[in-house]
Amino acid sequence: MNSLFKRLPRNRLAATRRSSRRRLHTQPHSHPLLATFSRLCVEGPFPAALALLPDLASAGLRADPVSLTRLVKLCVRHGTASDGRLIHRHVAAHGALSPGGLVVSNSLVSMYVKFGLLDDALRLFDGMPERNVVTWTTVVSALANADGKKDEALRFLVAMRRDGVAPNAYTFSSVLGACGTPGVLAAMHASTVKVGLDSDVFVRSSLIDSYMKLGDLDGGRSVFDEMVTGDSVVWNSIIAGFAQSGDGAGAMELFMRMKGAGFSANQGALTSVLRACTGMVTLEVGRQVHAHVLKYEKDLILHNALLDMYCKCGSLQDADALFRRMPQRDVISWSTMISGLAQNGRSTEALSVFDLMKSEGVAPTCITLVGVLFACSHAGLVEDGWYYFKSMEKLFGIRPEKEHHNCMVDLLGRAGKLDEALKFIHEMSLDPDSVIWRTLLGACRMHKNANLAAYAAREILKLEPDDQGARILLSNTYADLRQWTDAEKSWKAMRDRGMKKEPGRSWIELEKQVHVFIAGDLSHPCSDSIVQELNRLIGRISALGYVPQTEFVLQDLPIEQKEDLLKYHSEKLAIAFGTTHAMEGKPIRIMKNLRICGDCHAFAKLVSKSEGKVVIIRDPVRFHHFQDGACSCGDYW
DNA sequence: GCATCATCGA
């Protein structure tokens, strides 16, 4: 009985809505101008439809809400923000027929959001006489996607409920991403269960994504495993989650399962799998993915991911061949190629690609210029770097931001112009952040300037008192200078704060399996043969003049111990593993979590000569291609 | 007729 009463009025309301909608559609346009306007809003072109608004106004005619909504959508696709404001002003002054007024306003709010004008969207929202679940969802979603407005999105959700509007699947799938802590996410998850929306595919993929982004892999996994029905996006979410959290093997495994479950290898999943390969330097797996990519020749995102994978795996031949063959290229393709070349020590080519890009009329973005400046700094091209930095605003309309300033400090610092770098920092218009000081600190270490290093480290610690990197670099600098007391003081400060130095790790792919080596750790099942091989290699390269450079051991220890520490650096273990297992004629590809030390660099150069093998090592920022006794970085890194 | 999830470059 009770429920009947509740249902009745709602059904009636729906009936009235339906009939009014029918009226809107069937009512013949009483005026030819209105008929033309309606037709233009369906067929376009947008400018012609827009141009009719003043005529309608002066004729005293009211446009129907359906056409106005279509016009707003056209505006998002083909128009500009000021066209949008024009429509908004027209609607505000002349209105729309009443039953559809709310929908028109909603589409205007959404339009402002899509143009990135959140403030305008909120202002319109505030002034609206009525709001429905769509209105609220549009705003909640906009806040959830804006930087630093996640809490506000959650507050809007509360306000929405207080206003008597119940969130639906659209709302939840938007707001889940705004949950910044596991607790909030768990509560929101519970809400979706309570209203029975947790099985909605949109909500489910948001849940998975949010759990993964907060680092709760098991949480994401369990939402996924409970799934009875899902779509390919849900699969993509879980695969992307594993790929992004660095579990490439898990991502691959899920990808195979997805195919087993009858889903084809779609673009989203392939892109995520490529990302996993990119992170793990699994070139062979990446090549297999490439075979699947062939049938999506129009998918730029996928091709860009493939391009990046080849660059990050150090295979510039593949990258270059793909880049030439790509049916379309956008600025991301170009930027990827420029950075890829620069990171692989081919700065001059990176700059030529940049020239080519400009000559093809593609406008660079701020990221492109980061790549260009990176190329300059890693090749010691101080003059070119200055030129691009100084002229980027005039030539491309891109104002130098933090990253570009950082590249300049790197450029000057690497080149040994430490005083100039410091002067640059003091004179720059932005407030120097810890990243900049860290760059200067790195340069100080490279050029063994302990005083300036100490200054830079103090600046970092002022901004970030618990910064591990600053303390490590500072103590390493002291150690480089054999100032053991200062080094020890710095280490002690770290220990007191409970900090530990991250151990060096290297990864290598062998027959689609990834092997990890940790410095000083001989627990790998093949350790015996690896140590044997290491001894053999050291014997061979000693004949070429190799002497362990114990000054790269940053602790005050007896020489034998230093040699042992050096010998078992993770990249040496990986190289020895590589030379025993690598295929004839194929390069040995290694990824590292820390920068390569000078001794390992010399070691790798000589091994490339004595064994006639190409060794490629990728560290967090760049690559070293060792061949025939030389490195692509020209010993400048 | 308006609002939702995943996938690319420093």
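Chain letters run A, B, ... following the sequence lines, proteins first and then strands; every chain starts at 1. Keep in mind that what you see is a predicted model, and the values were worked out from it rather than measured.
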Have a look at A:Thr271 and say if it touches a base, only the backbone sugar-phosphate, or nothing, with a 4.0 Å heavy-atom cut-off.
base
Using a heavy-atom cut-off of under 4.0 Å over every strand shown, decide if A:Thr368 touches base, sugar-phosphate, or nothing.
base
Restricting to pairs with a member in residues 288-299 of chain A, which pass salt bridge (charged side-chain N to carboxylate O under 4.0 Å, His left out), not counting sequence neighbours?
none
Side-chain N or O of A:Lys114 versus OP1/OP2 of B:dA3: is the shortest distance under 4.0 Å?
yes
Using a 4.0 Å heavy-atom cut-off, does A:Asn168 contact any base of the nucleic acid, only the sugar-phosphate backbone, or nothing at all?
base
Between CH2 of A:Trp235 and P of B:dT7 the distance, given in whole Å, is 17 Å
Nearest-Å distance, OH (A:Tyr211) to C1' (B:dA6)?
18 Å
Please report, rounded to the nearest Å, how far the P atom of B:dC8 is from the NE2 atom of A:His303.
16 Å
Of the listed B:dC2, B:dC8, B:dG1, the closest approach to the A:Val134 side chain comes from B:dC2
Among B:dT4, B:dC5, B:dG9, which is the nearest nucleotide to the side chain of A:Val233?
B:dC5
With a 3.5 Å cut-off and just heavy-atom distances, do the side chain of A:Ser67 and the base of B:dG1 make a donor-acceptor pair?
no
Quick note, A:Ile301 side chain, CB onward, closest among B:dC8, B:dG1, B:dA10 is B:dC8
At 4.0 Å (heavy atoms only), tell me whether A:Thr336 reaches a base, stays on the sugar-phosphate, or touches nothing.
sugar-phosphate
Of all the nucleotides listed (B:dG9, B:dA6, B:dT4), which has the minimum atom distance to the side chain of A:Ile332?
B:dG9
Distance below 4.0 Å between A:Lys312 side-chain N/O and B:dC8 OP1 or OP2:
no
How close or far is atom C1' of B:dC8 from atom CG of A:Leu270, stated in whole angstroms?
13 Å
Looking across every strand, which nucleic acid part, if any, lies under 4.0 Å from A:Val201 by heavy atom: base, sugar-phosphate, or nothing?
base
Aromatic ring centroids of A:Phe242 and A:Phe224 under 6.0 Å?
no
Side-chain donor/acceptor of A:Thr69 to base of B:dG1, under 3.5 Å
no
Classify the nucleic acid contact of A:Ala240 as base, sugar-phosphate or nothing, counting any heavy atom under 4.0 Å across all strands shown.
sugar-phosphate
Determine which pairs satisfy salt bridge (charged side-chain N to carboxylate O under 4.0 Å, His left out) with at least one residue from residues 224-235 of chain A, sequence neighbours left out, and list them in order.
A:Arg221-A:Asp225
Take atom CZ of A:Phe374 and atom C1' of B:dG9, then tell me their distance rounded to the nearest Å.
13 Å
side-chain N/O A:Gln244 vs B:dT7 OP1/OP2, d < 4.0 Å
yes
Ignoring hydrogens and angles, are the base of B:dT4 and the side chain of A:Ser173 linked by a donor-acceptor pair under 3.5 Å?
yes
Give A:Ser232 one of three labels, base, sugar-phosphate or nothing, depending on what nucleic acid heavy atoms sit under 4.0 Å from its own.
nothing
Would you say a side-chain N or O of A:Arg204 is under 4.0 Å from OP1 or OP2 of B:dC5?
no
Do A:Asp410 and A:Ser377 pair up side chain to side chain, a donor and an acceptor below 3.5 Å, judged on atom types alone?
yes
Between B:dC5 and A:Phe202, is there a base-stacking contact, meaning the centre of the base's six-membered ring lies under 5.5 Å from the residue's ring centre while the planes stay under 30° apart?
no
Can you check the A:Arg329 CZ to B:dC8 P distance for me, whole Å?
21 Å
Figure out the CG/P separation between A:Leu341 and B:dG9, and round it to whole Å.
17 Å
Output yes when A:Arg123 and A:Asp119 qualify as a salt bridge under the 4.0 Å nitrogen-oxygen rule, no when they do not.
no
Do the side-chain N or O atoms of A:Lys73 get closer than 4.0 angstrom to the phosphate oxygens (OP1, OP2) of B:dG1?
no
Under 4.0 Å, counting only non-hydrogen atoms across every strand here, what does A:Ser205 touch: a base, just sugar-phosphate, or nothing?
base
Rounded interatomic separation in angstrom, taking CE from A:Met227 and P from B:dA6:
16 Å
For the aromatic rings, using the six-membered ring if either is Trp, is the centroid distance between A:Trp334 and A:Phe354 under 6.0 Å?
no
In terms of relative ring orientation, are A:Phe424 and A:Trp386 parallel, tilted or perpendicular, with 30° and 60° separating the classes?
perpendicular
